[in-house]
Amino acid sequence: MSQTMTGAQALIYALERQGVDIMFGVPGGAILPAYDPILDSKIRHVLARHEQGAGHMASGYAHATGRVGVMVATSGPGATNLITPLQDCYMDSIPVVAITGQVATHAIGNDAFQEAHTWGISMPATKHNYLVTDANDIPEVINEAFHLAATGRPGPILVDLPKDVLAATMTWHEPEEIKLPGYKPSVRGHPKQVKAAIELIQESARPVLYTGGGVIRAEASAELTRFAEMANLPVVTTLMARGAIADSHPLTLGMSGMHGCYTATTAIQQSDLLIAMAARFDDRVTGDVAAFAPHARVIHVDVDPAEIGKVRNPDVPIVGDAKVVLEQLLEELEKKLAGGAAPERAEWFDQLARWQRDYPLAFDQDPHGPIQQQYVISEINRISGKDTIVVAGVGQHQMWAAQFWGFEKPNTWINSGGLGTMGYAVPAAVGAQAGMPEETVWAIDGDGCFQMTMQELITASVEGIPVKIAVMNNGALGMVKQWQKLFYHERFSAVDLTDHTPNYVKLAEAMGCVGIRAEKPEEVAPAIEKAMATKDQPVVVEFVCDPEAMVFPMVVAGGSNDNVIMRPEDLPDPRGPQPEDEI
Amino acid sequence: MNHVISVQVENKPGVLARVASMFAGRGFNIHSLAVGPTADPTLSRMTVVVDGPEMEQIIKQLYKLVHTVKVTELPAGQGLEREIMMLRVNAEASRRGEIMESAAIFKAKTVDVGVSTLTFELSGDPDALADFLELMRPYGIVDLVKSGRIAMARDTKSKDGNKARLRSA
Ligand SMILES: Cc1ncc(C[n+]2csc(CCOP(=O)(O)OP(=O)(O)O)c2C)c(N)n1
Ligand SMILES: [Mg+2]
């Protein structure tokens, strides 16, 4: 095809050729030219009610499908509204491409109407970004943008397109071969390091396979599970890696870190070998770095060389794609075992089993008391099944969802881990459902989060995207309230949401959704069943929950992971020693 | 301690902003930064002098920028390092002779003569520049401009491919 067309037509054509089937956006002046050829394209455009929503939709879509998500916005405020989702995708390594309109090239720098320095603003929030100044560059730029988003460590790419570039006439040409002399992500691990890793693993008496979200991005769940089995390794999953190995697998210990379960966190602390698989030693996982896994040697596998040694110096660094490196490790281990079995490590597994028995993740649902969020989550899990895609907001409800949902498959857990973006759940669920129309998508959302981005339920009902949203109404910015309770002498500041509680049922109905409310424990399951029976419309279920509940276990921010606090009574008194203590 | 890194980047608009933004965003300190073209018009070279112990991270983060082609750390004191400075000092008629004499020892060039000042240009090893500056300080420094350091690794390859120092500057 070497046809004369506008830059805008070239843009849409280039997106079609990348296999884009859906994009999420809001139009405006500078991006107007691009919205005209959308009418003639087979790409579905979902009109979000806010660009932040469009961005999280693209993110949820990418999370759920593994494909590159696309968001579109106009210049100025449209583009700045995308910054939160871009940074969110950057932190969690989610492949997305943002297309933004820009004022005409001759107006750039003149404080023109709806001008923002989008390229500059988005630079630190993207893996890479472009300002296109010639329509003839569009085939190459779009090709490069998708390549960069999806390869190496995935991430967000922004392409800023001035209005005159979109309106200009160009002749379509096949994009030239990608020329990025400085961009060559390593795929295969160094064979010598792979060998060294297997040596350490075979010698280890107390190993832990510390699994990060990169395993899910690399679609390496099957390889991870096989490797854990063959090498006989207990597996800890980070918040981002929930679902990388089935929670029902006997080698699974669960989530570690600030709100991780006792066994997972303590296993890492006591390990003699940590195999970090596409994990990045986030501070929510490590607590005090100096006290983190003090006896462990470290094997660190990551596709991003900068992650290796950033927080903890490994004994064996392996740069490569998690799936390929796991295959290499499997091959090497097979050679090494030569038909024999991996070390039994009976003492270690006994110890882990004792911790699991003595310090389980548990909750009490008093049948006459207030609804506990853990109970709601367990019930949704039980009723909706293991294939459900779960999307969370940020706060207590997110931690409980990560703790109490039994994940059996990768890409069924979608949340904002790195940035912790409140308001993520509703739009991300819409994006996930749009990408996976056959699956059930449940958002577990907080009342605070819901009030940030709930307008995207209008998008969902208009577009026929039947997400199910559980609003955990605890009348508070619960996680912040928990910290004020524990560390600020119960001086509650700006965390109460009960001054005016919106009628969530009416709110849902006003947005074209089915609204359901459950106020007592016995109403929980029927409400979920009713939501499950609604197939053609989005549903909002408000669960009126215990306002006082707190998330445990907990490691105090910056504290050592040796001090996993199981109950509030075990916390050090924030007021320090009290007069009544001095007897 | 200062480290010198030589960064080859694609000669693309905004590449300096990307490098500077990465340094700022990651909290790395830049002591000096000099940018210029290379023999290959598609590439530019930046010589960055940085403080601090995080060299490995700095290099890796530089590599993460899509437009970074090659990063070389020049071990302290072992590369060829040059800097140019222009220095204007107070020079009353009575002291001119002695100032000019000192400048001559350093082979500093006189580039401007004012009514009561002298302006020198001096290029060379950063240590020599620092020494000259100290020598001039008592006269009263009116103005000072430095280019920032540029650096290049020494060619240490011998003909048979073995590493050997052939010459030193
Ligand atoms: C955009 C944004 N603003 C503020 C915060 C800080 N923050 C973290 S959790 C939280 C409370 C969330 O409240 P809610 O959605 O009701 O969840 P809950 O903790 O009550 O389950 C706040 C304000 C954040 N993470 N994101
Ligand atoms: Mg809440």
Side-chain angles (χ1 to χ4, degrees), chain A residues 87 90-91 93 105 108-109 117-134 137 140-141 144-145 147-149 151-160 178-186 280-281 300 302-314 317 319, chain B residues 1 3 5-30 33 35-48 50-75 153:
Chain A
Q87 179 67 18
Y90 198 30
M91 299 286 278
S93 307
T105 45
I108 289 179
H117 181 22
T118 302
W119 184 85
I121 295 173
S122 63
M123 186 203 303
T126 53
K127 178 173 172 182
H128 197 63
N129 61 359
Y130 298 85
L131 170 62
V132 184
T133 52
D134 182 343
D137 295 342
E140 279 77 24
V141 168
E144 251 180 55
H147 175 68
L148 287 171
T151 57
R153 180 175 182 171
I157 310 292
L158 179 136
V159 181
D160 202 23
I178 291 173
K179 275 196 296 263
L180 292 167
Y183 181 76
K184 297 187 192 77
S186 300
R280 61 182 178 86
F281 295 83
H300 192 173
D302 206 290
V303 73
D304 178 359
E307 285 306 335
I308 290 176
K310 186 181 83 178
V311 176
R312 171 89 173 235
N313 271 324
V319 180
Chain B
M1 193 186 142
H3 297 262
I5 10 183
S6 179
V7 192
Q8 249 182 41
V9 292
E10 284 191 72
N11 183 10
K12 293 266 170 88
V15 65
L16 172 61
R18 290 186 197 277
V19 170
S21 163
M22 185 282 285
F23 270 86
R26 299 247 168 216
F28 302 139
N29 259 336
I30 299 181
L33 173 68
V35 195
T38 65
D40 178 346
T42 68
L43 298 176
S44 307
R45 180 174 328 259
M46 300 186 184
T47 309
V48 196
V50 295
D51 290 328
E54 304 122 324
M55 281 312 296
E56 191 183 319
Q57 258 305 300
I58 294 178
I59 292 171
K60 286 175 168 178
Q61 293 295 343
L62 279 166
Y63 267 122
K64 251 177 106 159
L65 301 174
V66 169
H67 286 158
T68 303
V69 178
K70 191 164 168 45
V71 185
T72 325
E73 183 186 359
L74 303 172

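So you know, we letter chains A, B, ... as the sequences are listed, proteins then strands, and number each from 1. If you're wondering where the values come from, they're calculated on a predicted model, not measured in any experiment.
Looking at Tyr183(A) and His128(A), their side chains never come closer than 4.5 Å, going by heavy atoms from C-beta outward. With a 4.5 Å cut-off on side-chain heavy atoms, Ile5(B) and His3(B) do not count as touching.
Panel note: side chain Lys127(A), backbone Leu148(A); a donor-acceptor pair is recorded below 3.5 Å. A donor-acceptor contact shorter than 3.5 Å is absent between the side chain of Thr38(B) and the backbone of Arg45(B).
For residues 10-19 of chain B, a heavy-atom distance under 4.5 Å to chain A picks out Glu10(B), Pro13(B), Gly14(B), Ala17(B), Arg18(B), given by residue number. Within residues 62-74 of chain B, the residues approaching chain A closer than 4.5 Å by heavy atoms are, in numerical order, Tyr63(B), Lys64(B), Val66(B), His67(B), Thr68(B), Val69(B).
For the pair Tyr130(A) and Trp119(A), the tightest heavy-atom approach, listed with the atom from each and the gap, is C-CD1, 3.7 Å. Residues Gln57(B) and Gly309(A) come closest through the heavy atom pair NE2-C, 4.5 Å. In terms of heavy atoms, Ser21(B) sits closest to Pro124(A) at OG-CB, 4.1 Å. For Ala125(A) against Pro156(A), the heavy-atom pair with the smallest separation is O-CG, 3.6 Å. Scanning all heavy atoms of the two residues, the minimum distance from Ser186(A) to Val303(A) falls at O-CG2, 3.7 Å.
Arg153(A) and Ser93(A) are linked by a side-chain donor-acceptor pair at a separation below 3.5 angstrom, with hydrogens and angles left out of the test.
With a threshold of 4.5 angstrom between heavy atoms, Asn129(A) approaches chain B through its backbone and through its side chain. In this structure, the portions of Ile308(A) lying under 4.5 Å from any heavy atom of chain B include both its backbone and its side chain.
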